[in-house]
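Chain letters run A, B, ... following the sequence lines, proteins first, then strands; residues in each count from 1.
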Amino acid sequence: MKASFDEDFDVIVIGAGHAGCEAASAAARMGCHTALVTISLDMIGQMSCNPAVGGIAKGHLVREIDALGGIMGRVIDRTGIQFRLLNRSRGPAVQAPRAQADRALYRTEMRHVLEYTSNLNLRQGVVTDFVIEKGHVEGIELQDTRRLKAKAVILAAGTFLNGLIHNGRSTYTAGRAGEPASIELAESLKRLGFPVGRLKTGTPPRLDGRTIDWEAFEAQPADERPVPFSFLTESIEQPQVSCHIGYTNQEVHKLIQDNLHESPLYSGQIKGIGPRYCPSIEDKVVKFPEKTRHQLFLEPEGYDTYEVYLNGFSTSLPFELQQELVHEIRGLEETKLIRPGYAIEYDFVDPRELKHFLQTTRVQGLFFAGQINGTTGYEEAACQGLLAGINAALYIQGREGFTLRREESYIGVLIDDLITQGVDEPYRMFTSRAENRLSLRFDTSDARLSPYGKNLGLIEDTEWAKFSARRDRIARLRNILLETRFKRSDPEYQELARILQKDLGDSISLASISQLHEVDIPLIFNLLPSSFRSQTKLSDLETSIGDIIYHGYIRAQHQNNERISTQGDVQIPSDLQFNVVSGLSHEMVERLERIRPQTFAQASRIPGMTPGALTTLLFFLKSSKN
Amino acid sequence: MSDTIVALSTPPGRSGIGVIRISGESALLLTCSLLNDPNFSPEPNRVILKAIYDPDTREVIDRALVTFFHAPHSYTGEDVIELSCHGSPQLLLRVLDSLLFFGARTAEPGEFTMRAVANGRLSLTQAEAVRDLIEAQTHAAVRQAARQLGGELSARLQPVKDSLLDIIVPLESSLEFVEDDLPEDIVRNISEKLSSLSAKLDELANSFRRGRLLKEGLRVALVGRPNVGKSSIFNSLLSSDRSIVTEIPGTTRDTISEVVNLEGIPVLITDTAGVRSSADVIEQLGIERTRRAVADADLIVAVIDGSQPFTEEDKKIVSEASESYSVVALNKSDLESFRIHNAQQLAQDLILIPVSAKTGDGLTTLCAEIIKPFSANYLDENSFVITNARHFDLLRRASDSLESAGELIRGGLSEEIILAKLYESLRFLGEITGETTPEAILSQIFSSFCIGK
């Protein structure tokens with residue numbers, strides 16, 4: 001074993017998936033000499049599962065990543081082939097963008113963005129071990145005997161750690177289909193004493209689009225006005241395509257029931273826990289036997305390929321059976337499978353090992369991001385990568401770590417949940433996980449987070465100018481909405497009263513009109529003073545109206561939360577022995593010791609904490625403070 | 001020497017004024033901390049207006065009247081501080097919490113009185129009354145307390161919480177899983193369901209009044225115009241001769257209170273001065289106290305002389321009493337001229353009980369009528385009661401949130417806003433039963449609906 005290093009970096013990121021790309025990009029742009037090491041340079045930014053970004057809560061995460069200066073939103077805006085804003089009929093707090101991606105274009109674009117980032121170096125190789133000196137990370141070792149030095153290392157290994165693919169009764173080690181797993185690295189984590197568990201996820205078969213009877217499916221077109229992910233994107237230029245919706249049927253279900261013994265999920269072959277919100281078709285059929293059909297989406301993989309992703313049909317049944325099942329589906333009678341679906345089990349590390357900066361408590365300078373922390377999803381991975389990259393840079397520069405609060409972001413909710421609660425199945429973001437859902441709209445991510453991005457140096461001056469301009473435009477619009485009033489004698493008033501079929505009082509402000517649920521955005525737009533209409537963007541108007549409609553509810557919610565939040569900031573000393581707090585039961589002490597919360601708010605979120613125990617703890621903290 | 005104890009001395013629940021009593025060696029010291037005034041050394045028995053500070057934020061949370069009673073010249077015989085604060089339950093709780101934080105201990109039921117006895121401040125006769133009171137409290141209230149400790153409130157709230165989750169889950173699913181193939185009719189009749197839930201919570205919350213009575217005792221005021229026999233009835237109820245009974249109208253110039261034990265519930269009976277217009281200053285003072293006693297009472301016994309035609313004053317008294325929970329005692333049933341049917345013109349739906357203070361006729365019925373809605377049997381058979389002011393407050397808030405959610409639904413607002421109110425309600429309930437985590441809601445979604453593209 002040679003003692004010297006081949007290359008010397010500030011930050012090394014292991015893995016070039018969605019977490020790794022964000023991490024490397026952020027660290028490099030914050031001035032760190034950064035290396036991004038991956039098993040295959042051709043698979044940078046690969047979407048292992050469905051070719052899509054965003055959705056409810058996930059779209060919120062991408063907007064937040066973008067607002068902080070991350071890259072995912074920009075890349076999908078250039079490579080998305082079907083944009084849709086979900087939940088359009090509901091309030092803006094639960095709307096979110098989603099886009100199908102051209103899988104290959106996304107990879108190319110991501111690699112392009114990284115290659116044009118200064119301080120950022122791509123390296124291909126299989127990482128086998130960490131170099132650790134006196135509890136500090138010093139670098140990494142590669143399979144080909146290269147040694148790379150670093151002050152901080154971010155591990156973003158995805159499903160590669162001890163990855164084991166199941167297809168029927170056959171299993172083989174792999175990180176993704178066709179790519180080798182990271183076995184030695186997984187072993188080295190165990191050697192370091194990290195508590196490692198197993199999770200499972202799965203993916204459906206891919207179809208030959210030329211053999212699909214498209215007439216049998218319902219087309220789902222893209223939005224006419226695509227809503228981009230990045231605040232910097234003016235408009236989506238690339239042509240938009242449709243997805244198609246179809247259904248399974250009883251014949252499919254029966255065939256699955258009859259062959260359950262072939263499924264590694266039901267034969268006991270798979271030990272890892274899979275996500276309940278992304279069940280395999282076997283699970284759907286077994287758990288909901290009363291359902292006569294399950295919805296399927298045919299998603300195009302890209303412009304220049306006939307490969308089609310059969311979303312909703314994730315399975316680990318044997319290949320021949322998958323082919324047989326697909327033939328039972330209406331419209332797919334003649335369809336050939338290009339790639340079979342499969343299940344994959346992989347190692348993850350209990351995220352309660354981490355501090356809020358995503359740094360491990362066991363090894364100084366070692367950060368974890370993405371699926372290794374028990375999450376699932378590209379967006380969940382990417383936001384952790386971004387935060388890990390930022391914090392690795394801050395760590396090296398001797399600056400204070402960066403965290404986001406639950407109250408201000410989904411990213412804050414995600415990291416706080418991971419670190420205080422741990423996971424027992426792959427963690428996915430949902431809007432209902434956020435206590436302050438109404439305040440965390442996708443279209444206010446910039447207002448909430450971009451100032452942080454600017455301070456961190458991830459938002460450039462030209463981008464900041466755009467941010468400021470939008471902020472000012474929205475403030476101005478808000479004032480116009482509040483100040484513009486219509487009297488009974490105004491023609492606009494009469495027209496409005498006629499459309500809505502109700503009395504609007506002696507006069508009504510545009511702000512009040514926009515709170516009426518019968519009123520839509522174009523109508524408000526037309527009621528704006530004509531001098532403003534030409535210079536007003538619809539998206540700005542939507543944001544300012546969103547601010548107005550939720551204002552009262554957010555204030556009421558805030559008042560109710562006040563008691564909790566004022567106490568929530570009470571710090572818990574990191575060296576506090578909870579057993580010295582008199583009045584805490586043994587069980588409560590155990591829970592607190594396991595999680596080791598840093599603030600009272602975190603303690604209050606530990607499952608099973610009783611109000612009595614919390615009060616006891618609060619009194620202790622306050623009296624010891626004095 | 002004993003430690004310093006603190007408790008709310010006025011009944012829990014919303015009221016004009018809430019009195020917090022602190023007794024023990026460090027009473028004054030604790031008060032200094034609470035008032036954020038280390039040099040506070042009040043003259044005994046003088047009322048001083050002072051600001052109370054939150055120990056944490058140092059902000060003023062209330063302005064209270066502070067009275068210092070120097071040992072041994074106090075109720076307990078120890079140094080006592082009484083704080084008359086504004087009567088909001090949350091505020092009082094905050095002041096109490098602060099005092100606990102500074103080192104006081106919550107007084108056990110009856111502990112102030114026990115200390116008074118121990119320090120020789122109460123006579124033997126008075127002590128007997130106290131013992132009765134405490135025993136009465138333990139008799140019926142202990143069972144109630146044991147029930148709450150055993151988690152019965154929590155158990156009773158569970159079905160309400162489950163029904164609330166049954167509303168939240170489909171609403172949340174329809175928002176969160178918009179791309180999934182959910183049944184179309186999952187969100188239905190929510191408005192009706194919410195009304196019924198909020199009614200259930202109100203019912204529980206409203207039992208607080210009865211719960212409080214169990215714990216604190218029932219306050220009964222005897223009212224009526226002079227010389228109708230209030231004091232005679234009072235004395236008969238007490239079987240003692242405490243009130244001076246004379247033929248001169250207006251003899252009872254002050255209010256006199258005694259505690260009797262009726263079926264295990266402590267009942268504080270107050271004999272009031274006769275209500276009538278009077279120029280006599282002392283009597284005026286007594287009448288003022290009467291009005292206060294009436295305002296404080298849980299139940300009013302309007303005493304009417306049934307042997308005489310009803311006067312305008314009688315009608316006024318009965319109509320005022322009927323605004324509270326009340327019983328009409330038609331006295332002097334022993335006299336020839338007594339006519340019960342005359343009383344019907346006073347009020348249609350009042351409970352009329354003919355009594356004779358002189359012979360004792362009808363008094364048992366009167367007692368039974370006073371105690372009826374609060375008696376142990378009634379409570380056992382009919383309902384569970386809330387005795388904790390905090391629980392009462394949380395139930396009311398939970399119910400209010402459900403009601404506003406219902407209004408939002410009828411106003412056609414979007415699900416995320418309605419859900420914000422439903423979660424608010426769930427959080428209030430959670431402070432009693434334990435929190436419902438987002439994880440628990442998600443679990444229910446996944447077990448109810450087939451989610452997953």
Side-chain angles (χ1 to χ4, degrees), chain A residues 50 55-57 86-87 89-91 93-94 98 245 247 275-280 283-284 287-288 291 293-297 311-312 314 417 421 430-435 437-438 516-518 549-550 553-554 556-557 560-561 564 566-567 570 604-605 607-611 615 619 622-623 626, chain B residues 33 54-57 90 94 97-98 100-103 168-169 171-183 390 397 401 404 408 411-421 423-424 427-428 430-435 437-443 445-453:
Chain A
N50 65 326
I56 311 283
L86 304 184
N87 263 342
S89 65
R90 271 124 182 167
V94 288
R98 182 185 189 280
I245 299 173
Y247 296 93
R276 282 169 302 172
Y277 36 78
C278 196
S280 62
D283 269 340
K284 291 182 188 179
K287 289 187 181 143
F288 296 92
K291 282 204 86 167
R293 61 177 203 179
H294 292 281
Q295 191 173 240
L296 300 172
F297 287 83
N311 205 340
S314 165
D417 277 350
Q421 320 271 338
F430 296 106
T431 64
S432 57
R433 295 196 195 269
E435 293 80 359
R437 169 159 69 188
L438 299 184
L516 300 171
H517 63 99
E518 307 95 325
I549 56 179
Y550 289 129
Y553 303 106
I554 290 170
Q557 209 173 20
N560 275 315
N561 291 342
I564 301 161
T566 51
Q567 312 289 20
V570 175
S604 66
R605 282 191 298 275
M609 286 297 288
T610 63
T615 313
F619 275 123
K622 285 192 177 173
S623 53
N626 291 3
Chain B
S33 307
D54 186 299
D56 211 29
T57 61
Q90 293 96 312
R94 219 166 144 192
D97 279 352
S98 305
L100 298 179
F101 169 62
F102 290 124
I168 288 176
V169 160
L171 269 178
E172 192 64 73
S173 308
S174 72
L175 276 192
E176 201 93 80
F177 303 101
V178 61
E179 291 189 286
D180 283 277
D181 185 25
L182 296 171
R390 190 177 146 263
R397 283 159 176 263
S401 301
S404 37
L408 295 174
L413 276 109
S414 177
E415 288 92 333
E416 75 278 10
I417 296 177
I418 294 155
L419 278 163
K421 283 285 165 204
Y423 283 127
E424 192 177 277
R427 252 198 316 277
F428 290 134
E431 289 200 28
I432 302 173
T433 62
E435 196 193 355
T437 58
E439 205 51 54
I441 291 166
L442 287 167
S443 285
I445 292 177
F446 300 136
S447 58
S448 312
F449 306 111
C450 185
I451 300 294
K453 235 180 137 177

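Using cut-offs of 30° and 60° for the angle between ring planes, the F177(B) and F446(B) rings count as perpendicular.
Distance alone, capped at 3.5 Å, places no donor-acceptor pair between the E176(B) side chain and the F430(A) backbone. In this structure, the side chain of E415(B) does not engage the main chain of S174(B) through any donor-acceptor pair within 3.5 Å.
At a 4.5 Å heavy-atom cutoff, the contact between K291(A) and chain B is made by side-chain atoms alone. Contacts of E172(B) with chain A are made by side-chain atoms alone, with heavy-atom separations under 4.5 Å and no backbone atom involved. Of the atoms belonging to R90(A), heavy atoms from both backbone and side chain fall under 4.5 Å from chain B.
Residues satisfying the side-chain contact (heavy atoms from CB on, under 4.5 Å) test with I441(B), not counting sequence neighbours, are L165(B), I168(B), V169(B), Y423(B), L426(B), T436(B), I445(B).
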